[in-house]
Amino acid sequence: MIAIGCDHAGVELKKAVIAALEEKGFKLMDMGTDGEPCDYPDMAEKVCREVTSGNCEKGILICGTGIGMSMAANKIKGIRAALCSDSFSTKFTRLHNDANVMCMGARTLGPGLACELAEIFLTTGFEGGRHQRRVDLITALESK
Ligand code: RB5
């Protein structure tokens, strides 16, 4: 299960991403907003809690730029959120950083690219090996 959420700026892009991913067979849990104005940190927390609790395997967050969502998401223990806007970074944040949340900007990405990035994010595995040590070092920063 994949948790997905957005603020008011991301509603249309979120709909497009959900439709594209469902067509590929992914199961999504839509945490809102359906259009009512909301504050992106609240939505980031909602989606990220689904990931840290183990309810959802990964999360997708959409706001105007994706930046506010990624700032908020990365404050939550256990979350490694990546702002994704190109396919290379999206692939490598899974391979090397084991990112568990992707953030995208509805005002910076078109739906075609966003849907492609979401699919890359959800289908690329973590490489482990030397990257596991580095991910562990990121986690260690949470308790310093
Ligand atoms: C909302 O207008 C906008 O500030 C928000 O969607 C996001 O871009 C913040 O980073």
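Bear in mind that the values here come from a model prediction, so they are computed numbers and not experimental data.
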Which atom of [X] lies closest to which atom of [Y], heavy atoms considered:
X	Y	answer
C38	M43	SG-CE, 4.2 Å
G66	C103	O-CB, 3.5 Å
A9	R107	CB-NH2, 3.5 Å
A99	K58	O-CE, 4.3 Å
I62	G10	CG2-CA, 3.7 Å
A20	C115	CB-SG, 3.6 Å

Modelled atom types, side-chain donor and acceptor of D86 and S89, under 3.5 Å: yes
Which distance, rounded to the nearest 0.5 Å, do you find between the [atom1] of [X] and the [atom2] of [Y]?
X	Y	atom1	atom2	value
E116	T90	CD	OG1	9.5 Å
M102	C84	CE	SG	4.0 Å
Y40	T65	OH	OG1	7.5 Å
C48	M69	SG	CE	9.0 Å

Tell me if the CD atom of E36 is crowded by more than 12 foreign heavy atoms within 6.0 Å. yes
Specify whether H96 and F92 have parallel, tilted or perpendicular ring planes, treating 30° as the upper limit for parallel and 60° as the lower limit for perpendicular. perpendicular
Joint hydrophobic cluster, [X] plus [Y], side-chain heavy atoms closer than 4.5 Å:
X	Y	value
M104	I18	yes
M29	I2	no
L109	I60	yes
F121	L61	no
L13	L83	no

So, the side chain of [X] versus the backbone of [Y]: is there a donor-acceptor pair under 3.5 Å, distance only?
X	Y	result
N100	G78	yes
D30	G32	yes
K14	T33	yes

Electrostatic pair R49-E45, nearest N-O below 4.0 angstrom: yes
Closer than 4.0 angstrom, basic N to acidic O: yes or no for R94 and D98? yes
Side chains of T124 and L95 in contact at under 4.5 Å (non-hydrogen atoms): yes
Does N97 form a side chain to side chain contact (heavy atoms under 4.5 Å, CB included) with H131? I'd like the steps, not just the answer. CA-CA 7 Å; N97 314 127; H131 302 294; over 6 Å; no
Tell me, with the steps shown, if T139 and R80 meet side chain to side chain contact (heavy atoms under 4.5 Å, CB included). CA-CA 9 Å; T139 305; R80 290 177 302 280; 4.3 Å; yes
Where do D39 and D7 land on the side chain to side chain contact (heavy atoms under 4.5 Å, CB included) test, with the steps shown first? CA-CA 7 Å; D39 296 320; D7 72 356; over 6 Å; no
F26 and M1: CA distance, side-chain angles, deciding distance, side chain to side chain contact (heavy atoms under 4.5 Å, CB included) verdict: CA-CA 7 Å; F26 292 99; M1 183 67 72; over 6 Å; no
